[in-house]
There are 2 protein chains.
Amino acid sequence: MSEDTNEAPGAPNVPSGPTAGPNVTLEEIARAAGVSPSTVSRILNGSARVLPEKQRAVEEAIARFNYRPNVLARSLASGRTETIGVLTQAVSSPFYAEWLRGIEDALAEPGFTPIFVSSRWNVVDEKARLEEFIARRVDGIILLHAQLDEATLAGYSRYAPMLVLGRSVQNGMTLAGLPIDNLQGARDATRHLIEQGHREIAFIAGPSSHEDAIERLDGYRIALEEAGIGFDADLVEQGDYLETGGLAAMERLMARRPMFTAVFCANDQTAYGARLAMFRRGVRVPEDVSLVGFDDLPTSSYMTPPLTTVRQPTYEIGRLAAQGIVQMIRKQPVALSPIPLTLVTRETTRRIGASLSPGDEHR
Amino acid sequence: MSEDTNEAPGAPNVPSGPTAGPNVTLEEIARAAGVSPSTVSRILNGSARVLPEKQRAVEEAIARFNYRPNVLARSLASGRTETIGVLTQAVSSPFYAEWLRGIEDALAEPGFTPIFVSSRWNVVDEKARLEEFIARRVDGIILLHAQLDEATLAGYSRYAPMLVLGRSVQNGMTLAGLPIDNLQGARDATRHLIEQGHREIAFIAGPSSHEDAIERLDGYRIALEEAGIGFDADLVEQGDYLETGGLAAMERLMARRPMFTAVFCANDQTAYGARLAMFRRGVRVPEDVSLVGFDDLPTSSYMTPPLTTVRQPTYEIGRLAAQGIVQMIRKQPVALSPIPLTLVTRETTRRIGASLSPGDEHR
DNA sequence: TTGTAAGCGTTATCAT
DNA sequence: ATGATAACGCTTACAA
């Protein structure tokens, strides 16, 4: 029983005594403390009152053997894993980072553990990752930007309650969506430019496969139309939500179309690329061209000049999602209202018109 | 047995027949296919030859019932979880993102699943997360920048093999370190500035609690001394590896010390902050002051101007770590040599000296 | 309050 | 090649 003698350098806290280390079981603790396994279990889970003396004996044994309950066995027996599958499109994207932080923090409170995976913007991977979650018997699933269609999601939600961020779905007991009002955000941003006197406003779009990219384009278009300016397809370039795409799109735009006083980018990463393209050509921001992004990534306020952009309360959204999924697991009703976005005006936009008045620079 | 009738909207692929859905077990599959559980298990794992007809019958039943093996039960029985605990200091840090991507990609090949958690630069959390890994019976652990001392790590490594990134430890069978040569990187960066004619080179340091921050400071100091310039504590400001810290440090520096022609920052985030501080004061980069960062975050090449910095091959490091831990799990020997860093010269540094010659701008 | 015993869904060791 | 059967380490009625 105690053939557990792998020489590890300076193992601390681990008694060199009997069955120390990794493979101690609840049963051995029970034996050592002179109680039954169920008593140990009860103490571990606080699921019933136990005589103080036994309590102490058990706790002493746990400490002495450095015992850690086996989560697997616990979950198998109880049917609960206290685990939430979180599916991102890319764990490493700066955009998801804040969401993850919010989720992680909010999940820690009720004692759930998140499992983060990425599906790389790929529907096949997305399915595969969801099935892994199910095989792992997660208690709930949070999807950041699901690509799968609603019917498929609903099917998977039979296995575990699912919450989809950035998407509206038919809310039910096991499937819910937390939509983000991209259209409104894009409209506000465009309006801001219009109010600043801009009329030739270019747009660098995100991938048309993304629902939110389409919404942002729509918001831009609607604001233009509302202002009586009208949408001009010639002012729109295709990006890919990445810096490289923004750079290339901006280069094409400048080569093709010298007349515009502002550029609205479908996300901040695109704006970074566009900004560099302008820098390369000696186009000044905001003196020559105003620039607006979308998302408000943490670094955007450190761009030079700091980027005007549409802020998503990402950390808070993450928290909301985490709280929501926990409620769904507990079969409590969840009310999820669309997340409003707010424009944060920083220093890449400038009033134009009448004469070249100083505009916004003084602050 | 088939009280499994929760109404889910449009569940696909799930037969509305007998025991469809979540709770199908291996035993039911066996019954349906007219074989024993062991046979099903063998087919699932390919662990033995089975008659083609039974094989087909079982596969058919699996498909029909949409059966997914319970990972928990499997792990409990087999003692293997095929899971790697990955401890980061902050999942959401742009710095760790690329490491995670490398780890995730490389782990997918041998079929391991990473579990990412953050310890928030906090030793207490770090211990707690490690113990969770152990309770989850992960097969191996990768630590990104462990803060715990080596003896403690060695103790935990009794439970599962551990690989520490960015740190050198006494390499053994169950504990290994993959050091990163921060000192050399910092020395190269400083030398570059010296070669460009700079002599008054300021340094914004990282938190002194971080081993790598100290190494970077040392590299700076050594390069200075090697060049006969000598270290001047008055040119060093304290940062915190974050943008805010860089901003504040730079402001203090400018307020205190007008004489310097270059600033070397302990990491890119610090450089972003410093760059903004200079922008605010009308100090031009690189015309007035040269700027060098460290890490080469993805956005650094999109800074304006693009940031000269020390590049860590982060994605590759992540891959190496993943491959290393898998080898350790398989009890194969691992050879881990320190990762060299390379300076990438972009546009925030400029040659000075003789006269104000144009220098590097032409490219 | 405490103990006994029957699962939880697999894998693995035996025989056959 | 296949099937019983005993683990794996815990939870949870059910009794006492």
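A, B, ... follow the sequence lines: proteins, then strands. Residue 1 opens every chain. Here the structure is a predicted model, which is why all the values come from computation and not from measurement.
- We find that CZ of B:R49 is positioned 11 Å from P of D:dT2, with the value rounded to whole Å.
- Within 4.0 Å of A:L76, counting heavy atoms only, lies at least one base atom of the nucleic acid.
- Checked for salt-bridge contact, A:E98 and A:R101 meet the test: a charged N lies under 4.0 Å from a carboxylate O.
- Rounded to whole Å, the distance from CD1 on B:I43 to P on D:dA1 is 13 Å.
- When the C1' atom of D:dA1 is taken as reference, atom CD of B:E53 falls 11 Å away, rounded to whole Å.
- Taking side-chain N and O atoms only, A:K54 has no distance below 4.0 Å to OP1 or OP2 of C:dT1.
- Note on ring orientation: taking the six-membered ring where Trp is involved, the planes of A:Y96 and A:W121 are tilted (angle from 30° to 60°).
- Checking B:A48 against A:P69, the closest nucleotide of DNA chain D that is more toward the 5' end is the one next to B:A48.
- A side chain to side chain contact (heavy atoms under 4.5 Å, CB included) with B:L178 holds for exactly one of B:L165, B:V164, B:V169; it is B:L165.
- In this model, the phosphate group of D:dC10 is not approached by any side-chain N or O of A:S41 to a distance below 4.0 Å at OP1 or OP2.
- For the pair A:E27 CD and D:dC8 C1', the interatomic distance rounds to 11 Å; values are reported in whole Å.
- At the phosphate of D:dT12, OP1 or OP2 sits under 4.0 Å from a side-chain N or O atom of A:R80.
- Between the CZ atom of A:R68 and the P atom of D:dC10 there is a distance of 13 Å, given to the nearest Å.
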Next on the checklist: The test is salt bridge (charged side-chain N to carboxylate O under 4.0 Å, His left out); show your working for B:E59 and B:R56 and say whether it passes.
Outcome noted: CA-CA 5 Å; B:E59 279 166 355; B:R56 246 185 303 282; over 6 Å; no

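- Side-chain N/O atoms of B:R31 include none lying less than 4.0 angstrom from OP1 or OP2 on D:dG3.
- Within the 4.0 Å cut-off from OP1 or OP2 of C:dC8, not a single side-chain nitrogen or oxygen of B:N70 is found.
- For the pair B:S36 and D:dG3, the criterion of a side-chain N or O lying under 4.0 Å from OP1 or OP2 is met.
- A:T39 comes within 4.0 angstrom of the backbone, heavy atoms only, and of no base.
- In this structure, CZ of B:R42 is placed 11 Å from P of D:dA4, rounded to the nearest angstrom.
- Among the nucleotides D:dC10, C:dT1, C:dT11, the one closest to the side chain of A:L51 is C:dT1.
- Following rounding to the nearest Å, B:R137 (CZ) and C:dT10 (C1') show an atom-to-atom distance of 17 Å.
- Summarising the local packing, CD of B:E60 is surrounded by more than 12 heavy atoms from other residues, nucleotides or ligands at distances under 6.0 Å.
- Atom CG of A:L26 is separated from atom P of D:dG9 by 11 Å (rounded to the nearest Å).
- If you check distances only, the side chain of B:S38 does reach the base of D:dA4 with a donor-acceptor pair under 3.5 Å.
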